[in-house]
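Some notes on the structure that comes next.
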Amino acid sequence: QVQLVESGGGLVQAGGSLRLSCAASGGTFSRCAMGWFRQAPGKEREIVAAISWSGDATYYADSVKGRSTISRDNAKNTVDLQMNSLKPEDTADYYCAANPLRGYPSRYTYYTGASAYASWGQGTQVTVSS
């Protein structure tokens with residue numbers, strides 16, 4: 001099973017930027033579709049961004065579209081989330097998740113539902129002050 005460790009969270013002023021990173025170990029990272037989720041206090045966990053195993057396809061939630069970029073490096077077993085123009089409503093715990101794929105998955109398939117993901121990191125906290 002893939003183990004995931006997130007880093008890069010912190011306190012930032014509104015309008016600032018953060019780059020979250022997720023390092024994977026165990027399993028075969030290059031055969032995993034990956035996702036970033038977040039959960040704010042009192043709210044349900046929600047998808048932020050997702051990326052196919054190849055990196056050829058990406059998805060962004062409307063709330064972060066145009067302000068965030070998800071990318072992966074299969075040689076380094078990492079997936080990053082660059083977030084710009086941060087808003088106080090971006091404050092949440094951010095989680096990296098992995099969906100190990102079987103067979104011959106499409107290069108262009110990503111997953112937006114939390115139930116699709118088998119492995120989760122411990123989370124990294126992002127706080128955006130106004």
Handout entry: Residue pair S17, R67: steps toward the side-chain hydrogen bond (donor to acceptor under 3.5 Å, both in side chains) verdict
Key = CA-CA 9 Å; S17 298; R67 302 189 293 120; over 6 Å; no
Practice task
Just do the side-chain hydrogen bond (donor to acceptor under 3.5 Å, both in side chains) check on Q82 and D80 with the steps written out, would you?
Solution key: CA-CA 6 Å; Q82 175 70 41; D80 293 347; over 6 Å; no
Exercise for the section: In sequence, state the C-alpha distance, the side-chain angles, and the governing distance for V126 and L18, and then conclude on side-chain contact (heavy atoms from CB on, under 4.5 Å). Expected result: CA-CA 9 Å; V126 171; L18 279 176; 3.7 Å; yes
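Panel note: side chain S119, backbone V2; a donor-acceptor pair is recorded below 3.5 Å. A donor-acceptor pair is defined here as one N or O able to donate and one able to accept, closer than 3.5 Å; no such pair exists between the side chain of S68 and the backbone of K65. A donor-acceptor distance shorter than 3.5 angstrom exists from the side chain of S52 to the backbone of A57, with no hydrogens or angles considered. The closest donor-acceptor contact from the side chain of W53 to the backbone of S106 lies under 3.5 Å. At distances below 3.5 Å, at least one donor-acceptor pair connects side-chain atoms of E6 with backbone N or O atoms of C96. Of the possible donor and acceptor atoms, one in the side chain of Y60 sits under 3.5 Å from a partner among the backbone N and O of I70. Under a 3.5 Å cut-off, the side chain of S54 and the backbone N or O of D56 do form a donor-acceptor pair.
Nearest heavy atom pair, residue M34 against residue L4, reads CE-CD2, 4.0 Å. Scanning all heavy atoms of the two residues, the minimum distance from D90 to V64 falls at OD1-CG1, 4.4 Å. Between P100 and C32, the closest heavy-atom pair is CA-SG, 3.8 Å. Between A14 and S130, the shortest heavy-atom distance links the atoms CB-CA, 4.3 Å.
Annotation: F37 is in aromatic contact with Y117 [ring centroid separation under 6.0 Å].
In this structure, T58 OG1 and R72 CZ are separated by 12.0 Å, a value rounded to the nearest 0.5 Å. The distance from atom OG1 of T127 to atom CG of L11, rounded to the nearest 0.5 Å, is 6.0 Å. One finds the CD1 atom of I47 at 7.0 Å from the OH atom of Y59 (value rounded to the nearest 0.5 Å). Note: N74 CG to T28 OG1 = 10.5 Å, rounded to the nearest 0.5 Å.
Criterion: ILVMFWY side-chain heavy atoms under 4.5 Å apart, direct or through other members. Under it, F29 and Y110 are not part of a common hydrophobic cluster. In this structure, I51 is a member of the same hydrophobic cluster as Y94, with clusters built from ILVMFWY side-chain heavy atoms closer than 4.5 Å. Linking ILVMFWY side-chain heavy atoms closer than 4.5 Å, directly or via other members, places L20 and W120 in two distinct hydrophobic clusters. A continuous path of hydrophobic side-chain contacts links V79 to V48 [ILVMFWY only; heavy atoms under 4.5 Å]. Cluster membership for V128 and M83, using ILVMFWY side-chain heavy atoms within less than 4.5 angstrom, is shared.
Exactly one of E46, K87, R38, E89 qualifies for a side chain to side chain donor-acceptor pair (under 3.5 Å) with S63. That residue is R38.
The shortest side-chain heavy-atom distance between L81 and T69 does not fall under the 4.5 Å cut-off.
At a cut-off of 3.5 Å, with distance as the only test, no side-chain donor of R19 or S7 sits close to an acceptor on the other residue.
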